[in-house]
There are 2 protein chains.
Amino acid sequence: MLHEEVVSRVRAMLLDGEIPPGARIPERDLCEKLQISRTPLREALKVLAAEGLVQLLPNRGSRAARLTDKDMRDLFEVCQGLEALAGELACERITEAEIADVAAAHTAMVRHYGDRDLLQYYRCNRTIHEAIIAAAGNPVLSGLYESVTARIRRARYVTPMTPRRWALAVQEHEAILNALQRRDGVGLSHILRAHLRHKREEVLQAGFAEQDEAPAPWQRQA
Amino acid sequence: MLHEEVVSRVRAMLLDGEIPPGARIPERDLCEKLQISRTPLREALKVLAAEGLVQLLPNRGSRAARLTDKDMRDLFEVCQGLEALAGELACERITEAEIADVAAAHTAMVRHYGDRDLLQYYRCNRTIHEAIIAAAGNPVLSGLYESVTARIRRARYVTPMTPRRWALAVQEHEAILNALQRRDGVGLSHILRAHLRHKREEVLQAGFAEQDEAPAPWQRQA
DNA sequence: TTCACCAATTCTGAATGCAAAATGGCGACA
DNA sequence: TGTCGCCATTTTGCATTCAGAATTGGTGAA
């Protein structure tokens, strides 16, 4: 198994919640689960720690990072900034073919909205957002966006929506597609930010802060 | 030596150019220079590779990453987005005391401009930008900003400036401070973006693309 | 002289072993 | 009975070791 594969596997386990937030990560167990030795696993854990997914406690091993409400707010804020930037850049650089792709995904998404199929709706939604990022043609931006969204993905794409909010979101997406087709970068940027601000409010209202696993009150968190 | 210390040391060597861009990094040499064994060094290299400072070639070791013009442009673009976001957030959250600190750094910077002391000027400049980031009160943002600026620091703070551009930069900084004092988030955001756009043009004009170390023509780059 | 091929060396990547630190349990004492 | 301190066990962090791949140098043939 390649180094990057180990990183991906463990990252997936963290993001999918297979390793729950706040849980300790016993190296030995993960080693035998992944059928590798401790050295490559430890390398992967350090990388994931640098990404903010894992918390390293010196001489006390590693834990899956917990996301507080504050973390979630911070991540959403940055995500807003990144999407806004991507929107502006995308309007300058996107090809007609790519616009058509986004339009297709949008149409599919609206259809799933009509069917009230939340899962498929979210899938198309994500496709659209990622297409806009990709259209910005900036690998640095793409990388940071990937890292940030990965951490809020469960919150972003799992939160149930009220009919009212869902309708608003679809409406916003109409505006997003429209701005993109008009190549109105400033407009798109504003819409994306508002869109994400609303999403953030949803998520925070839903109370998606990740709880501590062993919240013994006298143990202060490092 | 702690893990984070190893990462920092090697990162510093890369950013300072002690390990030149494109240079191969023989693990054994660095090990004895840092007085550590290969295991912790390799962990650090993987982390730095995830940060984009190091390029891992499977079974062929690692190289210090080279920055192309495109990389530089991408990094500046993202930097613009992050600073713009930070400017808006800072205007909402900055304290009067922090504004005073920025104002003091600004005054000092203008004085160094009067003395044509580029080094001290850049020092104050950086203080101001970092203070704005810090005032945004978003650790995720701070972390990404730190990572992005580290990679363009040499270009950003080493490029010589024409008198004309320098004067413009100072003028822009007046506007930055002014917007901050008025807590005009949107205005600050725009000024910061223009400021960085100008900076980027300077840097790219100066031709700061990092050359290959061993550009043997028949060796294709991975 | 130049190219191709092969052996030897060097270097990377991963597993194992060892010392140090932390965790948990047991007993002593207040 | 509850708390503190000490010792055994577990786990981490690192050095060392081992296997495999890549590079280098050399040899021979065209």
Side-chain angles (χ1 to χ4, degrees), chain A residues 1-11 13-14 19-20 22-51 53-66 212-222, chain B residues 1-11 13-14 19-20 22-51 53-66 212-222:
Chain A
M1 186 166 3
L2 223 53
H3 164 70
E4 259 312 317
E5 198 183 338
V6 177
V7 175
S8 298
R9 290 277 299 269
V10 178
R11 179 167 26 216
M13 295 176 78
L14 290 164
I19 301 173
R24 299 214 37 181
I25 304 175
E27 298 178 355
R28 202 168 287 283
D29 299 1
L30 251 187
C31 284
E32 66 182 40
K33 181 173 288 190
L34 297 179
Q35 289 295 309
I36 56 177
S37 87
R38 284 178 54 219
T39 307
L41 175 64
R42 288 173 55 78
E43 286 172 354
L45 286 177
K46 306 267 193 214
V47 170
L48 294 169
E51 283 182 31
L53 287 172
V54 163
Q55 193 179 5
L56 294 181
L57 311 170
N59 292 318
R60 269 191 282 169
S62 44
R63 314 170 70 109
R66 286 168 291 117
D212 214 352
E213 173 120 303
W218 61 87
Q219 289 176 350
R220 60 186 132 194
Q221 300 302 322
Chain B
M1 195 178 335
L2 224 52
H3 165 70
E4 259 312 318
E5 198 183 337
V6 177
V7 175
S8 298
R9 290 276 300 267
V10 179
R11 176 163 35 212
M13 294 175 80
L14 290 163
I19 302 173
R24 300 214 36 180
I25 304 177
E27 298 180 353
R28 199 167 36 78
D29 298 0
L30 250 188
C31 284
E32 65 183 39
K33 181 173 290 192
L34 296 178
Q35 288 296 309
I36 55 178
S37 89
R38 283 179 55 221
T39 308
L41 176 65
R42 286 172 56 78
E43 286 171 355
L45 286 177
K46 306 265 192 216
V47 170
L48 293 169
E51 284 181 32
L53 287 171
V54 163
Q55 192 179 7
L56 294 181
L57 312 170
N59 291 319
R60 271 192 280 166
S62 42
R63 314 171 69 110
R66 285 169 290 115
D212 215 352
E213 168 116 307
W218 61 87
Q219 288 175 351
R220 60 187 133 193
Q221 300 303 321

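All values reported here derive from a predicted model rather than from experimental measurement. Chain naming here is simple, since letters A, B, ... match the order of the sequence lines and numbering starts at 1 in each.
- Considering every non-hydrogen atom in both A/Arg9 and A/Leu34, the closest pair reads NH2-CD2, 3.4 Å.
- If you measure from atom CG of B/Asn59 to atom C1' of D/dA21, you get 6 Å, rounded to the nearest angstrom.
- The shortest side-chain heavy-atom distance between A/Thr39 and B/Arg42 does not fall under the 4.5 Å cut-off.
- In this structure, the CG atom of B/Leu57 is 17 Å from the P atom of D/dA21, given to the nearest Å.
- Between the CG atom of B/Leu2 and the P atom of C/dA20 there is a distance of 17 Å, given to the nearest Å.
- Applying the 4.0 Å criterion to OP1 and OP2 of D/dT12, one finds that A/Arg60 has every side-chain N and O outside that range.
- Scanning both residues, A/Glu27 and A/Leu41, for their nearest heavy atoms gives O-CD2, 3.5 Å.
- The line from CZ of B/Arg28 to OG of B/Ser37 is 14.0 Å long, rounded to the nearest 0.5 Å.
- As rounded to whole Å, 13 Å separates atom P of C/dT12 from atom CZ of B/Arg63.
- Going from atom CG of A/Leu45 over to atom P of D/dT12 covers 10 Å, rounded to whole Å.
- Side-chain contact between A/Leu53 and A/Val10: absent, with no pair of heavy atoms (C-beta onward) separated by less than 4.5 Å.
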For nucleotides 6-11 of chain D, which of its nitrogen or oxygen atoms have a protein nitrogen or oxygen under 3.5 Å away, and what is each distance?
none

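- Here the straight-line distance linking atom CG of B/Asp29 with atom CZ of B/Arg24 works out to 11.0 Å at 0.5 Å rounding.
- Between B/Ile25 and B/Ala64, the shortest heavy-atom distance links the atoms CD1-N, 3.8 Å.
- Look at CD on B/Glu4: it is 12 Å from P on D/dC14, rounded to the nearest Å.
- Residue B/Glu5 contributes atom CD, which lies 15 Å from atom C1' of D/dG13 at whole-angstrom precision.
- Counting to the nearest Å, the P atom of C/dA14 and the CE atom of A/Met1 are 10 Å from each other.
- Closest approach of B/Pro58 and B/Leu56 over heavy atoms only: CD-O, 3.6 Å.
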Do any N or O atoms of the protein come closer than 3.5 Å to N or O atoms of nucleotides 15-18 of chain D, and which pairs are they?
residue, atom, partner, partner atom, Å
D/dA15, OP2, B/Ser37, N, 2.9
D/dA15, OP2, B/Ser37, OG, 2.5
D/dA15, N7, B/Thr39, OG1, 3.2
D/dT16, O4, B/Thr39, OG1, 3.4

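- Each of A/Glu43 and A/Pro58 lies near DNA chain C, and the nucleotide nearest A/Glu43 is the one positioned closer to the 5' end.
- A heavy-atom distance below 4.5 Å is not found between the side chains of A/Val6 and A/Glu43.
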